[in-house]
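Both backbone and side-chain heavy atoms feed into the values below; hydrogens, waters and symmetry mates do not. Values in this document were obtained by computation on a predicted structure and should not be read as measured data.
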Amino acid sequence: MTSLVLEPGTVVPLGVLIDRVWGPALPSDATGALATYASRLRRLIAAACAEHSDAVVIHHLAGGYRLDCDPEAIDLHRARRLVRLGRQADSDELALAYLSQALDLTADLPLSGLTGSWATHVRDQLVRERLDIALERFDIELRLGRCTEIVPELLDLAAQHPLAEHVLSALMRALCAAGRPAEALDHYAQLRGRLAEELGCEPAPQLQDLFRGILRQAPELFATTTVEAAQALVPAVASPRGAWPVPAQLPIDARGFAGRHRELEQLTQLAESAAGPGLVAITGMAGIGKSALAVHWAHRIPDRFPDGQLYVNLRGFDPAGRPVEPAAAVRGFLDALGLQPGRVPADAEAQYALYRSLLAGRRMLVLLDNASDAEQVRPLLPGAGGAMVLITSRNRLTPLVATEGAHPLSLDLLSTEDSRKLLAARLGAARVAAEPDAVDTIIGDCARLPLALAIAAARAAQSDGLPLAALAADIHDTGRRLDTLDGGDPASQVRAVLSWSYATLSPPAARLFRLLGHHPGPDISAAATSSLAGCPPGQAVPLLIELTRASLIAEHTPGRFLWHDLLRAYATELAAQDPEPERRAALIRLLDHYTHTADTAARLLYPQRSAPSIAQPQSGISPEGLADPGQALTWFTAEHAVLMAAVDHAVANGFDFHVWQLAWALDDFLDRRGHWHDKVAVQQAAVAAAGRLADPSAQARAHRLLAVSHTRLGRFDDADAHLQHALDLTTQTGDLTGQAATHHHHAMLRDRQGRYSEGLDHARQALELYSAAGSQRGQALGLNAVGWAHARLGDHQQALIDCKQALALHEALGEHYGQASTWDSLGYAYDHLGQHSEAVTCYDHALELYVSLGHRHGEADTLSRLGDSHYSAGNPRGAQTAWQQALTVFDELEHPNADQLRTKLATLDRPPNAHLR
């Protein structure tokens with residue numbers, strides 16, 4: 001009931017409910033037990049709500065259960081509504097009343113009677129949510145001068161959260177406002193000691209600033225609200241446990257897990273032992289259950305790792321692609337730990353060092369699944385105590401055992417009894433007990449290999465009316481091949497087992513399964529599957545459903561499918577038997593699908609970009625029908641990892657045209673989302689591919705885009721070198737427009753370097769070349785770039801002249817993006833001339849255009865400068881509104897400028913004596 005109450009009006013899937021109710025202790029008939037519970041709940045509700053029988057209803061739908069009721073009848077949802085009203089209130093008194101009511105409704109410890117990892121996670125979330133509400137109320141109390149009244153409550157909160165710096169910040173301010181600064185300093189000293197002892201770190205810089213402010217009796221520091229302080233107390237790298245994200249990246253626990261009692265106990269002892277190794281290598285043959293053991297154990301002991309769990313599939317033995325590079329894995333971990341892309345160092349070694357620093361002293365679990373060898377793992381190992389690392393691999397990882405002191409845990413086949421328990425968990429105890437001889441035959445012919453047993457159970461589960469004896473007879477026909485599961489190449493050990501499911505497929509589904517062996521990414525959409533198979537989407541979906549039912553793929557999110565690496569290996573092996581022309585045609589269709597859909601998405605998101613022409617898709621391709629920028633962004637986000645893999649796959653198979661086309665289409669998405677490391681990778685591939693094609697135009701474009709990536713990452717020398725390459729290529733071919741674009745990018749680089757005079761020179765050259773090429777759009781861009789450079793040099797009157805000419809050209813051409821950029825430049829010049837009203841008008845024009853274009857990055861930049869103009873004009877409220885809106889967008893884009901805006905918002909109480917740029 002609790003699970004349904006938390007999400008009224010929403011269908012909670014059966015699998016989710018079962019996992020939340022029972023966790024790993026799964027009953028033999030969980031679905032039936034759930035139905036029984038629901039029936040009892042309906043009777044209890046009917047008795048309690050006799051006069052309003054329709055007020056609270058539990059519906060059993062195809063996908064799960066749904067609770068229909070008025071959310072106001074549930075304290076949690078009523079409290080959340082009160083919080084929203086409080087945040088919208090016109091007065092502090094009214095806001096205080098709403099927040100106080102919300103706190104009263106949530107006073108009791110949530111889910112106090114429930115156990116399990118899900119209940120613990122939700123309970124922790126709700127406790128943090130209530131703490132945030134309390135801090136908002138304290139903000140208001142402080143503004144109303146009620147500092148003495150809130151000190152006792154803050155003392156209690158500080159005791160409950162002894163390492164939460166944002167709570168201590170609120171307490172210190174309240175104590176100072178109450179005339180008790182000595183106590184505030186004493187509490188700071190206590191926290192500093194706890195942090196040093198437990199985490200080995202100092203308080204966050206913002207809290208240290210508050211401490212120093214109290215020492216020098218700086219009253220302006222006490223005016224900062226506690227919510228603002230809480231937001232500020234999340235520094236770039238290290239912060240107290242209370243302010244850290246708590247990643248929960250574990251895959252779902254395997255249903256029907258059985259056996260491995262000795263190994264589970266060993267892992268628990270290692271986790272509890274202070275002297276035990278923090279590194280465990282779980283090794284064994286393919287299909288032995290290494291990942292299942294690691295994930296199952298991790299789900300059993302979430303309380304031992306309160307700071308969260310990190311997980312990555314390193315794909316060490318993935319036959320369809322290369323293993324995951326440690327640098328890519330660590331960037332994923334940094335993202336999960338709260339690092340925005342702009343804060344990630346450019347150098348891989350620096351990224352590893354930052355990752356180790358973040359994990360130092362944290363009680364976390366790091367699960368490195370499917371590692372290829374020790375070298376792939378070493379950069380991902382924490383450098384200090386606190387975290388426990390589990391590694392699974394088919395490789396024995398002897399170097400890690402010898403040099404890093406890893407504890408080896410080698411898995412063997414299941415015992416006969418545990419094999420029987422696994423089948424009972426999957427098929428039901430009654431069905432297994434009814435045919436003991438058939439079960440023994442199945443266990444013997446499956447060689448007690450967990451993967452083989454799971455596939456056999458899946459086949460039996462799909463045919464409830466089929467006697468297990470009939471299944472055992474079918475399996476026994478391949479008994480000689482199954483005997484080979486004891487040794488040999490791991491990929492061949494499961495061939496016969498996988499063939500059972502494959503043999504049941506219809507010919508079209510079997511062909512699709514083979515074709516999936518060509519797919520390079522971690523998962524595939526239904527639309528991409530249609531192009532891979534060369535069939536209409538309506539024909540592909542039933543085939544995907546058939547493969548899902550055969551347990552050969554899994555629909556992990558609606559419309560997206562993935563498969564185990566052993567299944568991928570089997571599909572790849574089968575596909576190798578198809579004629580080479582057919583295999584090549586399928587790969588071309590797949591790459592065409594991603595190239596054409598990415599091109600469409602890029603044009604929808606950024607219609608102002610001048611993209612090269614692309615050939616019409618060949619027969620059998622079904623590019624995805626994206627209709628608007630929102631759909632385009634959603635598609636790019638979902639396919640990000642797949643597209644990166646597609647570029648690698650195109651490189652490996654010699655499809656150079658697809659390489660640079662994909663890189664071109666991906667460029668703006670990667671740039672605007674801050675994925676600059678990925679942008680470097682794809683543009684480097686594009687440079688090489690264009691070189692092999694002897695296409696200087698494509699090569700020059702790739703060099704320019706690669707230069708932009710290096711500029712974003714602060715690698716100015718690299719950016720300069722690539723721009724010079726681009727300039728050389730365009731000069732050799734006489735491409736005036738390409739030369740102009742290169743000088744335009746050079747001007748941007750010099751602007752980032754603060755070398756404004758050189759930037760002006762490049763902008764002028766760009767303008768001259770665009771004019772010589774007869775490009776009116778280029779001339780408009782060049783004029784705006786010249787004007788911007790003049791503004792940066794302080795010649796704002798000349799900037800107005802240049803930018804007004806640019807604006808007239810853009811308007812004549814109907815170039816909306818160019819108009820938006822130029823209005824922004826005009827606003828900047830007017831602002832620095834002290835003509836703030838004119839500046840605001842210009843920024844408003846730019847904003848209107850950026851919003852209509854869906855250009856989020858430009859919108860945020862202009863909002864930030866609009867806030868500057870308001871601030872300079874002595875309008876702090878207007879500045880706060882604009883900066884807050886800009887911050888929201890930059891946070892959505894995970895852009896590093898977000899931190900700059902937080903600093904501006906934190907300084908609003910200072911006089912506007914200078915621009916905060």
Trainee: With no hydrogens and no angle check, do the side chains of S530 and Q539 hold a donor and an acceptor under 3.5 Å apart?
Mentor: no
Trainee: Return yes if a side-chain donor-acceptor contact under 3.5 Å exists between S525 and W635, otherwise no.
Mentor: no
Trainee: Name the one of V324, V389, I391, L314 that satisfies side chain to side chain contact (heavy atoms under 4.5 Å, CB included) with L380?
Mentor: L314
Trainee: Could you go through the side chain to side chain contact (heavy atoms under 4.5 Å, CB included) check for R331 and E325 one step at a time?
Mentor: CA-CA 10 Å; R331 286 198 294 274; E325 293 291 335; over 6 Å; no
Trainee: Under a 4.0 Å threshold between the charged nitrogen and the carboxylate oxygen, would R514 count as salt-bridged to E573?
Mentor: no
Trainee: Measuring from T268:OG1 to W297:CH2, what's the distance to the nearest 0.5 Å?
Mentor: 6.0 Å
Trainee: Can you give me the closest heavy-atom contact between V541 and A526, atom names plus distance?
Mentor: CG2-CB, 4.5 Å
Trainee: Is the backbone of A248 close enough, under 3.5 Å, to the side chain of Q309 for a donor and an acceptor to pair up by distance?
Mentor: no
Trainee: Nearest 0.5 Å, what's the CE-CG distance between M388 and L267?
Mentor: 5.5 Å
Trainee: With a 4.5 Å cut-off on side-chain heavy atoms, are F333 and V366 touching?
Mentor: yes
Trainee: Got a donor-acceptor contact below 3.5 angstrom from the S419 side chain to the I443 backbone?
Mentor: no
Trainee: Taking side chain as C-beta onward, heavy atoms only, is L547 less than 4.5 Å from L516?
Mentor: yes
Trainee: Quick check against the 3.5 Å criterion: does E435 have a side-chain atom that pairs as donor or acceptor with the backbone of A469?
Mentor: yes
Trainee: Working note: D373 + Q376, criterion side chain to side chain contact (heavy atoms under 4.5 Å, CB included); need CA distance, chi angles, decisive distance, verdict.
Mentor: CA-CA 6 Å; D373 53 32; Q376 187 188 26; 3.5 Å; yes
Trainee: Is a side-chain donor or acceptor of H649 paired with a backbone partner of H518 at a separation under 3.5 angstrom?
Mentor: yes
Trainee: For a 4.5 angstrom cut-off between non-hydrogen side-chain atoms, does R426 reach K421?
Mentor: no
Trainee: Nearest heavy-atom pair of E375 and P379: which atoms, and what distance?
Mentor: O-CD, 3.3 Å
Trainee: Checking Q249 side chain against L310 main chain: does a donor-acceptor pair fall under 3.5 Å?
Mentor: no
Trainee: CG of L643 to CG of D648: how many Å apart, nearest 0.5 Å?
Mentor: 11.5 Å
Trainee: With no hydrogens and no angle check, is any side-chain donor or acceptor of E582 less than 3.5 Å from a backbone partner on D578?
Mentor: no
Trainee: Quick check: closest heavy atoms across G521 and A645, and the distance to 0.1 Å?
Mentor: CA-CB, 3.9 Å
Trainee: How many angstroms lie between atom CD of Q266 and atom NE2 of H261, to the nearest 0.5 angstrom?
Mentor: 13.5 Å
Trainee: Can you see which heavy atom on A371 is nearest to which on S393, and at what distance?
Mentor: O-OG, 2.6 Å
Trainee: Tell me, do H299 and V295 make a side-chain contact under 4.5 Å, heavy atoms counted?
Mentor: yes
Trainee: What's the separation between atom CG in L359 and atom CG in D307, rounded to the nearest 0.5 Å?
Mentor: 9.0 Å
Trainee: Between D523 and R560, does at least one N-O distance fall below 4.0 Å, as a salt bridge requires?
Mentor: yes
Trainee: Can you list the steps and then say if L544 with T529 is a side chain to side chain contact (heavy atoms under 4.5 Å, CB included)?
Mentor: CA-CA 8 Å; L544 287 167; T529 304; 3.9 Å; yes
Trainee: Describe, in one word, how the ring planes of F257 and H296 are oriented to each other, choosing from parallel (under 30°), tilted (30 to 60°) and perpendicular (over 60°).
Mentor: parallel
Trainee: Would you please test L270 and H407 for side chain to side chain contact (heavy atoms under 4.5 Å, CB included) and show each step?
Mentor: CA-CA 9 Å; L270 290 168; H407 182 89; 3.6 Å; yes
Trainee: Quick one: do E265 and R262 make a salt bridge, cutoff under 4.0 Å?
Mentor: no
Trainee: Taking side chain as C-beta onward, heavy atoms only, is L515 less than 4.5 Å from L590?
Mentor: no
Trainee: For the residue pair L423 and A457, what are the closest heavy atoms and their distance?
Mentor: CD2-CB, 3.9 Å
Trainee: If you look at every heavy atom in H519 and I524, which pair is closest and at what distance?
Mentor: CD2-CD1, 3.4 Å
Trainee: First locate atom CD1 of I553, then atom OG1 of T548, and finally report the distance between them rounded to the nearest 0.5 Å.
Mentor: 4.0 Å
Trainee: Is it true that a side-chain atom of R511 and a backbone atom of A533 form a donor plus acceptor pair closer than 3.5 Å?
Mentor: yes
Trainee: Any side-chain heavy atom of P323 sitting closer than 4.5 Å to one from R315?
Mentor: no
Trainee: Measuring only between side-chain heavy atoms, which start at C-beta, is L337 closer than 4.5 Å to M364?
Mentor: yes
Trainee: Could you tell me whether a side-chain N or O of R431 sits under 3.5 Å from a main-chain N or O of A424, the two making a donor and an acceptor?
Mentor: no
Trainee: Applying the side chain to side chain donor-acceptor pair (under 3.5 Å) criterion to S291, which one of N313, D369, N370 satisfies it?
Mentor: D369
Trainee: Under 3.5 Å, sequence neighbours excluded: what are the donor-acceptor pairs made by side chains of residues 409-416?
Mentor:
| unit_1 | atom_1 | unit_2 | atom_2 | d |
| --- | --- | --- | --- | --- |
| S415 | OG | D418 | N | 3.1 |
| S415 | OG | D418 | OD2 | 3.3 |

